[in-house]
Amino acid sequence: MRKQKSALFEFVQLAAGSALVALGAYFFKFPNHFSFGGVTGLAAVASTWLPVSPADFSFLANMALLAVGFAFLGKSFGLKTAYASLLNSLLLSLLDRLCPLSSPLTDQPILELAFAIALPALGAALLFDVGASGGGTDVIALILKKYSGVSVGKALFCSDLLFVLLGAMAFGVEALLFSFAGLIVKSLVVDQLVASMRQVKYLNVVCSKPEALCQFITNQLRRSATVTEGKGAFTGEARWILFTAMTPGEALRLRQFIRQTDPSSFVMTAASEVMGRGF
């Protein structure tokens, strides 16, 4: 049952991420000729040179780069990315036919740039969090990350920089400045969002009732812990030290339980990146 819930959650997260990328690209990136976002940015440029809409160009380019993703990043990544990129491309084509745009939604380019950054960045972070991408140059970025060890945001910056320069050739210096600013901010935002989604709380609990805490952690939170015996330096009293790691929401539940059952406990919490079973 837990695996089924996890798979369903991944499916929903993939759909939500794809939808955010598509909405940000179609309503804010394409009409303003912002070219900082990979294939969708390239599509905004290519549509001025080729007799094809940005949405249709994105579909063709995504299919080509998807094959590259299968080859370099594996089957699991490829299948998830195939679903996300197909959904993204279908949404773009659907929006192109249902809501045709001939000009930007507003006359505020800074406001539109903010949405052109925020929506795709949040969507990309949701996809990266479940081991997928929206296709396009996100695939190139993840290949760079895999073989160079740089962060996702820096890899995105490197993979998309060329399309910013191409955008300048098509749309001029103003578009270049907006797009370059957008690329920098998007790279930073993606790194921050991915880091926050993967954040884990590491807790040290000095307590006198470890049995109740361990039962709550294992039975209610479905986590585990390590318990060792200690001694207070000032009081000389025997104490128990409990080490555990969990998500921020689970850590909040544990702190609430500790207040109710053993308020004399001493709790230290730190944000960490954890590798190992269960994470």
Side-chain angles (χ1 to χ4, degrees), residues 10 13-14 16-18 20-22 24-25 29 34-46 57-58 61-89 113-114 116-168 176-200 273-275 279:
E10 281 195 0
Q13 191 166 331
L14 286 168
S18 301
L20 287 171
V21 171
K29 188 182 297 181
F34 298 144
S35 57
F36 55 81
V39 164
T40 53
L42 179 60
V45 177
F57 181 89
S58 294
N62 276 329
M63 294 305 100
L65 286 167
L66 180 60
V68 176
F70 266 103
F72 285 91
L73 298 171
K75 182 179 178 181
S76 176
F77 169 86
L79 291 174
K80 292 177 182 178
T81 299
Y83 168 74
S85 59
L86 280 172
L87 181 57
N88 178 270
S89 299
L113 177 64
I117 294 169
L119 293 179
L122 179 56
L126 288 172
L127 295 174
F128 293 147
D129 186 55
V130 292
S133 80
T137 54
D138 287 358
V139 174
I140 299 174
L142 290 179
I143 293 173
L144 284 174
K145 178 181 181 297
K146 178 178 180 179
Y147 291 101
S148 68
V150 300
S151 68
V152 174
K154 291 178 181 177
L156 282 171
F157 180 86
C158 294
S159 65
D160 291 347
L161 182 59
L162 173 62
F163 304 121
V164 170
L165 301 177
L166 289 175
L176 168 65
L177 294 176
F178 275 118
S179 298
F180 189 74
L183 176 59
I184 293 174
V185 175
K186 179 188 174 184
S187 301
L188 295 172
V189 170
V190 167
D191 269 345
Q192 290 298 317
L193 288 172
V194 170
S196 65
M197 288 177 182
R198 296 181 178 178
Q199 188 181 76
V200 173
E273 182 176 347
V274 177
M275 294 179 62
F279 294 92

Calculate, to the nearest 0.5 Å, the distance between atoms [atom1] and [atom2] belonging to [X] and [Y] respectively.
X      : Y      : atom1 : atom2 : value
Ser18  : Lys80  : OG    : NZ    : 12.5 Å
Ser148 : Ile143 : OG    : CD1   : 11.0 Å
Phe128 : Leu193 : CZ    : CG    : 11.0 Å
Leu126 : Glu10  : CG    : CD    : 12.0 Å
Thr81  : Leu127 : OG1   : CG    : 7.5 Å

What one should report as the nearest heavy-atom pair of Ala132 and Leu14 is CB-CD2, 3.5 Å
Mind listing the closest non-hydrogen atom pair of Ala121 and Val189 along with its distance?
CB-CG1, 3.7 Å
Qualifying residues under ring-ring contact (aromatic ring centres under 6.0 Å, His included), relative to Tyr83, sequence neighbours excluded:
Phe11
With a sphere of 6.0 Å drawn around NZ of Lys145, does it hold more than 12 non-hydrogen atoms of other residues, nucleotides or ligands?
no
